[in-house]
S.K.: 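What follows is a structure written as structure tokens; I'll ask about it next.
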Amino acid sequence: NGQLADCPDSPNCVLSQSTDPRHTISPIKYEGDPHEALRKLRELLVTMPGMQLVTTKETYLHAVATSPLFRFRDDVEFVVDPDASVIHCRSASRVGYSDIEANRQRLEAIRHAYSR
């Protein structure tokens with residue numbers, strides 16, 4: 001339905017659709033065709049170390065990011081909002097409480113790489 005799951009109360013999750021300032025992150029802006037935007041994002045994700053695509057649908061991507069040292073697995077999700085010309089994003093740790101901003105840094109790195 002175009003909505004990603006809310007973040008839990010723990011600080012190890014960020015979500016562009018969140019209303020909670022602790023979890024809020026900006027979506028990825030794009031211009032042009034939404035399918036092309038998602039294709040570009042998919043191509044970017046497969047080049048990132050430790051990132052594995054799990055689900056690819058018409059307007060949705062789900063990947064799992066595995067950290068190099070401790071092999072923690074985080075869920076990374078994206079959904080296209082064609083009306084706003086943005087890709088909403090969510091990154092959340094599967095275990096633990098704090099992530100030392102790893103999920104936020106991951107999505108910021110993806111946004112930066114996407115905009116280049």
Side-chain angles (χ1 to χ4, degrees):
N1 65 0
Q3 289 291 118
L4 298 170
D6 284 334
C7 285
D9 287 335
S10 58
N12 59 1
C13 176
V14 289
L15 171 64
S16 64
Q17 296 170 319
S18 179
T19 58
D20 182 343
R22 298 174 302 151
H23 299 292
T24 301
I25 191 165
S26 296
I28 300 169
K29 296 178 183 177
Y30 71 88
E31 294 179 6
D33 181 62
H35 295 95
E36 179 63 22
L38 202 61
R39 183 199 60 76
K40 179 181 173 182
L41 179 61
R42 184 174 51 248
E43 289 179 0
L44 169 66
L45 293 176
V46 299
T47 67
M48 298 181 72
M51 189 74 69
Q52 178 185 5
L53 285 178
V54 176
T55 304
T56 302
K57 295 184 179 178
E58 188 174 330
T59 61
Y60 172 80
L61 289 176
H62 173 216
V64 174
T66 304
S67 65
L69 184 58
F70 294 111
R71 311 300 293 164
F72 293 129
R73 294 167 52 89
D74 299 338
D75 290 296
V76 186
E77 297 176 281
F78 303 91
V79 65
V80 175
D81 179 348
D83 295 332
S85 295
V86 297
I87 302 171
H88 285 291
C89 46
R90 179 182 190 271
S91 186
S93 301
R94 290 185 177 181
V95 297
Y97 181 76
S98 178
D99 66 347
I100 314 168
E101 297 288 313
N103 286 293
R104 183 173 300 281
Q105 291 171 8
R106 175 184 302 113
L107 289 183
E108 293 296 351
I110 290 170
R111 178 194 343 282
H112 179 71
Y114 185 89
S115 67
R116 282 190 277 156

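FYI, the numbering just counts along the sequence from 1. Here the structure is a predicted model, which means the values were calculated and not measured.
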S.K.: With rounding to the nearest 0.5 Å, note down the distance linking CD1 in Ile110 to CG in Leu41.
M.R.: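 Answer for the CD1-CG pair, Ile110 versus Leu41, is 7.0 Å.
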S.K.: When rounded to the nearest 0.5 angstrom, what is the spacing between CD1 in Ile28 and SG in Cys89?
M.R.: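 Going from the CD1 atom of Ile28 to the SG atom of Cys89 covers 5.0 Å.
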S.K.: Please check: side-chain N/O of Arg90 versus main-chain N/O of Ala5, any donor-acceptor pairing under 3.5 Å?
M.R.: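 Pair found, side chain donor or acceptor close to backbone of Ala5.
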S.K.: Spell out, yes or no, whether Leu107 and Leu38 are grouped together once hydrophobic residues are joined by side-chain heavy atoms under 4.5 Å, including indirect joins.
M.R.: yes
S.K.: Is Val95 reachable from Tyr97 through a run of I, L, V, M, F, W or Y residues, each pair having side-chain heavy atoms under 4.5 Å apart?
M.R.: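 No, no single cluster joins them.
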S.K.: Quick one about Asn12 and Ser10 (side-chain donor to acceptor, distance below 3.5 Å, no hydrogens or angles considered), yes or no?
M.R.: yes
S.K.: What distance separates Phe78 CZ from Thr56 OG1, expressed to the nearest 0.5 Å?
M.R.: 11.0 Å
S.K.: Between Arg111 and Glu108, is the closest basic N to carboxylate O distance under 4.0 Å?
M.R.: yes
S.K.: Would you compute the distance between atom CD of Gln105 and atom OG of Ser91 and round it to the nearest 0.5 angstrom?
M.R.: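 Taking CD in Gln105 and OG in Ser91, the distance rounds to 11.0 Å.
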S.K.: What are the two closest non-hydrogen atoms of Gln17 and Gly2, and how far apart are they?
M.R.: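 Distance-wise, the nearest heavy atoms are NE2-O, 2.8 Å.
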S.K.: Any chain of hydrophobic side-chain contacts (each under 4.5 Å) joining Val79 to Leu53?
M.R.: no
S.K.: Working to the nearest 0.5 angstrom, can you tell me the gap between Leu15 CG and Asn103 CG?
M.R.: 11.5 Å
S.K.: Is it true that Lys40 and Glu36 have a side-chain N and a carboxylate O under 4.0 angstrom from each other?
M.R.: no
S.K.: Same cluster or not: Val86 versus Val76, using hydrophobic residues (I, L, V, M, F, W, Y) connected whenever any side-chain heavy atoms lie under 4.5 Å apart?
M.R.: no
S.K.: Let me confirm one number: the CZ-OG distance from Arg106 to Ser93, rounded to the nearest 0.5 Å.
M.R.: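 Rounded to the nearest 0.5 Å, the CZ-OG separation comes to 7.0 Å.
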S.K.: Check the pair Phe72, Asp99 against side chain to side chain contact (heavy atoms under 4.5 Å, CB included), reporting the backbone distance first and the verdict last.
M.R.: CA-CA 10 Å; Phe72 293 129; Asp99 66 347; over 6 Å; no
S.K.: Starting from Val14, can I reach Met48 by hopping between I/L/V/M/F/W/Y residues whose side chains sit under 4.5 Å apart?
M.R.: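 Met48 and Val14: one cluster.
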S.K.: Between Arg104 and Thr24, is there a donor-acceptor pair closer than 3.5 Å when you use the side chain of the first and the backbone of the second?
M.R.: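 Looks like yes, one N/O pair under 3.5 Å.
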S.K.: Mind listing the closest non-hydrogen atom pair of Pro82 and Tyr30 along with its distance?
M.R.: CA-OH, 3.3 Å
S.K.: Would you give me the side-chain donor-acceptor pairs under 3.5 Å for residues 58-66, sequence neighbours excluded?
M.R.:
unit_1 : atom_1 : unit_2 : atom_2 : d
Glu58  : OE2    : His35  : NE2    : 3.2
Tyr60  : OH     : Glu77  : OE2    : 2.4
His62  : NE2    : Asp75  : OD1    : 2.9

S.K.: Would you name the heavy atoms of Cys13 and His23 that are closest together and state the gap between them?
M.R.: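 Reported closest heavy-atom pair: O-ND1, 2.8 Å.
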